[in-house]
Amino acid sequence: MFNLVRNNKRLMQIVLALVALPFAFWGIDSYQRVMSRAGEVAEVSGQKISEQEFAEALRQQQDRLRGMLGRNFDPAVFESPAMRRELLDGMISQRLLMQYAARNHLMVPDDTLVETTMSIPAFQVDGRFSRERYDAALQNERMSPETFDAALRRDLTIQQLSGALADSGFVSRSAADQFALLRAQQREVSEQQIQADARGVQVAADTIRAFYDGNPARFQVPEEVQVEYIVLSNDSLLASEQLDAAEARKYYEANQSKYGEPEQRRASHILISVKGGATDEDKRKARERAQAVLSQLRSSPGSFAELARKESGDPGSASQGGDLGFFSRGMMVRPFDEAAFRLKPGQISDLVESDFGFHIIKVTGIKPGKMKTFEQVRPEIELQLKKQQAGRHFAEAAEGFSNLVYDQADSLKPAADKFKLAIQQAQGVTRQGANVPALNNPRLLAALFSDDSLKHRRNTEAVETSPGMLVSARVLNHKPVTLRPFEEVRDGIAKQLVRQEALGIARKQGTALLEDLRKGNTSQARFGTSKLVSRDDPKGLAPAAISQVFGADAGKLPAYAGVESADGYTIYRIARIVEVRPDEARQRNVQSELGRSNGALEFRSFLDALRADAKVEINREALERKVQ
């Protein structure tokens, strides 16, 4: 309840993981974008997924993957039909879940919304919610608090639904015990390695040449361009923004709560709970009970903590005598908040009704606020107001910028002069990526490698590479794909082929020795020191080795298993089996893991059932259409 965040860390971890997803994956600004309905990729029970909406999600997914993979990112791979279909399926599943939640009147109460927002690290300073940080983050992304609240409420509703289903998986205790036994089982193993030895291995010159001729893609130098570019952004417009000095003073006076530590109050409360959907009669009885408690307090104010432990329906604070600690305005639900900040220290309130029931509040401490002077925060306010002005002017400037780089396509200078932008240069830009973040955008890279750019050296269109940033670039020099000369790579090919041949020899020797051992011929056995390994404690054995060791038939010992490795071939001798009885905690953990796995399968089945019952139409032509 009021101590939800403090006392239910697991729930909040799930919630914060959910909240991180829109910020990191979809982009915070995507919530308030108004999508064009010019075309539809899909329709889910009457709700449309537009081409523009899908293209935006695809670009944001690519941006995220580009950030993870850097120069190894290949847009062509991540625009494959399979990847596009997977993304669309995810968007369809989200629609289906939202529709189900709406039909079943699932919703998130205001207090959960407030608590979750205050727990988002992006809105915190030194681990505490900062209204200033919150306002700045939303303002920077051009999002209103109402839009953010609506999006967060939607995602929390879906999380509530999906979490309930995913956590419902069940596995019997006997099945979990059997699985835990298998996980805990130990096998005593020793190993013998057959190292790949490249000494004496020869590779013919014509074999090296044939490998070079047969694998040209391995020896290509990627196509690249040298470019010049200009960036129009909110920040680039700041220098030209003018601000009336009186505006900063006016803003300070209207927003003083942002510039200092607000007043905080410490309070205790006794909650007489009223469940959601309670009848009028239930509410009447709760009110009468609350009034009776209040009457006792009026007669004996010193019994507040004792009565809270006995009567309060808030388990998070009841054990503490009703103590909620210090909080500032806006941290509690509104009726509670307003009452607490009206009371004097030691004063006990009348009954305060909220969605939770009836509260009796006692203020036990006050921390006065500390304000910064106007002169202390003036530079910060002026910068913020200039950014706001720049944001408002950006749309107008963006249109002029886009028109100018298109109309005067042979040079970036006219646009650079008009908007006072620096013309910058970058080298080594490939179709896969650029070292310069401003250029590292799939749409811009595609434009740079178009015929118009490569052959005619024209400016690219103005591309929005991130919210509030437009970039236009122009190719200065183009280096097509080239093949590295054979002489340059010959020695490297020779080493690679020698290594492959040596590994092949080691593999043949290893499999032959393994076969002899299984037949009982141990004359060539040279096993090292034995050790006990398990699936949970592999003692350095690779997953492939563990799989073979525990997959070996242990009906007759010793048993043997062989695994190829990067250095050759390794044979494992299994000498004995040690059955280990897992402790109670381990068995519970295994049962919980299996339950979550089953829950995930049940959730997948639930989604499949929703989709089967819904009318889902996919426009395959629009799905396969490349982003322009």
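Computed over heavy atoms, backbone and side chain alike; hydrogens, waters and symmetry mates excluded.
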Nearest 0.5 Å, please: how far is [atom2] in [Y] from [atom1] in [X]?
| X | Y | atom1 | atom2 | answer |
| --- | --- | --- | --- | --- |
| Ile361 | His269 | CD1 | NE2 | 8.5 Å |
| Ile270 | Lys310 | CD1 | NZ | 11.0 Å |
| Arg266 | Ser268 | CZ | OG | 7.0 Å |
| Ile120 | Thr116 | CD1 | OG1 | 7.0 Å |
| Ser328 | Met118 | OG | CE | 6.0 Å |
| Ile49 | Leu623 | CD1 | CG | 10.5 Å |

According to side-chain contact (heavy atoms from CB on, under 4.5 Å), who are the partners of [X], at least two apart in sequence or on a separate chain?
| X | value |
| --- | --- |
| Met98 | Gln94, Arg95, Arg154, Ile158 |
| Arg284 | Glu281, Glu288 |
| Ser300 | Ser303 |

Just to verify, what does [X] make a salt bridge (Lys or Arg N to Asp or Glu O under 4.0 Å) with, not counting sequence neighbours?
| X | answer |
| --- | --- |
| Asp608 | Arg604 |
| Arg85 | Asp89 |
| Glu247 | none |

Partners meeting side chain to side chain donor-acceptor pair (under 3.5 Å) with [X] (sequence neighbours left out):
| X | answer |
| --- | --- |
| Tyr251 | Lys258, Gln384 |
| Arg133 | none |
| Glu382 | Arg378 |
| Gln347 | none |

Within the supplied structure, the quantity of interest is the number of heavy atoms (other residues, nucleotides, ligands) at a distance under 6.0 Å from [X] [atom1]; does it exceed 12?
| X | atom1 | value |
| --- | --- | --- |
| Glu306 | CD | no |
| Asp282 | CG | yes |
| Glu399 | CD | no |
| Glu396 | CD | no |
| Asn104 | CG | yes |

Checklist line | Thr157/Gln159 under side-chain contact (heavy atoms from CB on, under 4.5 Å): CA gap, chis, key distance, verdict | finding: CA-CA 5 Å; Thr157 300; Gln159 175 64 32; over 6 Å; no
Checklist line | salt bridge (charged side-chain N to carboxylate O under 4.0 Å, His left out) contacts touching residues 289-305 (sequence neighbours left out) | finding: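 Qualifying pairs, neighbours excluded: Arg289-Glu311, Arg298-Asp350.
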Checklist line | Residue pairs fulfilling salt bridge (charged side-chain N to carboxylate O under 4.0 Å, His left out) with at least one residue in residues 338-349, sequence neighbours excluded | finding: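 For residues 338-349: none.
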If we only count heavy atoms from C-beta on, is the [X] to [Y] side-chain gap below 4.5 Å?
| X | Y | answer |
| --- | --- | --- |
| Leu156 | Arg153 | no |
| Glu263 | Lys367 | no |
| Ser130 | Gln124 | no |
| Met332 | Leu324 | yes |
| Phe341 | Arg265 | yes |
| Ser233 | Leu470 | no |
| Val293 | Phe358 | no |
| Val352 | Ile360 | no |

Checklist line | Aromatic centroids of Phe148 and Phe123 separated by under 6.0 Å | finding: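 Yes, close enough.
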Notebook entry, point to check: Can we call the ring centroids of Phe606 and Tyr100 under 6.0 Å apart?
Noted result: yes
Next item on the list: For the pair Glu353 and Arg287, find out whether any cationic side-chain nitrogen is under 4.0 Å from an anionic carboxylate oxygen.
Entry: yes
Checklist line | Pair Asp110 + Arg334, salt bridge at N-O below 4.0 Å | finding: no
Check: Just by distance, with hydrogens left out, do Ser354 and His359 show a side-chain donor and acceptor under 3.5 Å apart?
Finding: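 There is such a pair (donor and acceptor under 3.5 Å, judged by atom type) between the side chains of Ser354 and His359.
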Minimal non-hydrogen separation, [X] against [Y], with atom names:
| X | Y | result |
| --- | --- | --- |
| Arg103 | Leu610 | NH2-CD2, 4.0 Å |
| Ala462 | Ser402 | CB-OG, 3.4 Å |
| Val44 | Val616 | CG1-CG2, 4.2 Å |
| Leu385 | Ala248 | CD1-CA, 3.8 Å |
| Ser317 | Asp323 | CB-O, 3.6 Å |
| Pro345 | Ile366 | CG-CD1, 3.6 Å |

Item checked: CA sep, side-chain torsions, deciding dist, call: Val114, Val333, side-chain contact (heavy atoms from CB on, under 4.5 Å) -> CA-CA 8 Å; Val114 171; Val333 291; over 6 Å; no
Notebook entry, point to check: Taking it one step at a time, do Ser349 and Lys362 satisfy side-chain contact (heavy atoms from CB on, under 4.5 Å)?
Noted result: CA-CA 6 Å; Ser349 72; Lys362 179 181 180 180; over 6 Å; no
Note to self: side-chain contact (heavy atoms from CB on, under 4.5 Å), that's the test. Do Asn440 and Thr465 meet it? Break it down for me.
What the structure shows: CA-CA 8 Å; Asn440 211 6; Thr465 59; over 6 Å; no
Next item on the list: With salt bridge (charged side-chain N to carboxylate O under 4.0 Å, His left out) as the test, would you mind laying out the steps for Arg84 and Glu86 before giving the verdict?
Entry: CA-CA 5 Å; Arg84 295 169 72 88; Glu86 183 177 348; over 6 Å; no
Checklist line | Leu271 backbone acceptor or donor facing Ser312 side chain under 3.5 Å | finding: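 At least one qualifying donor-acceptor pair exists.
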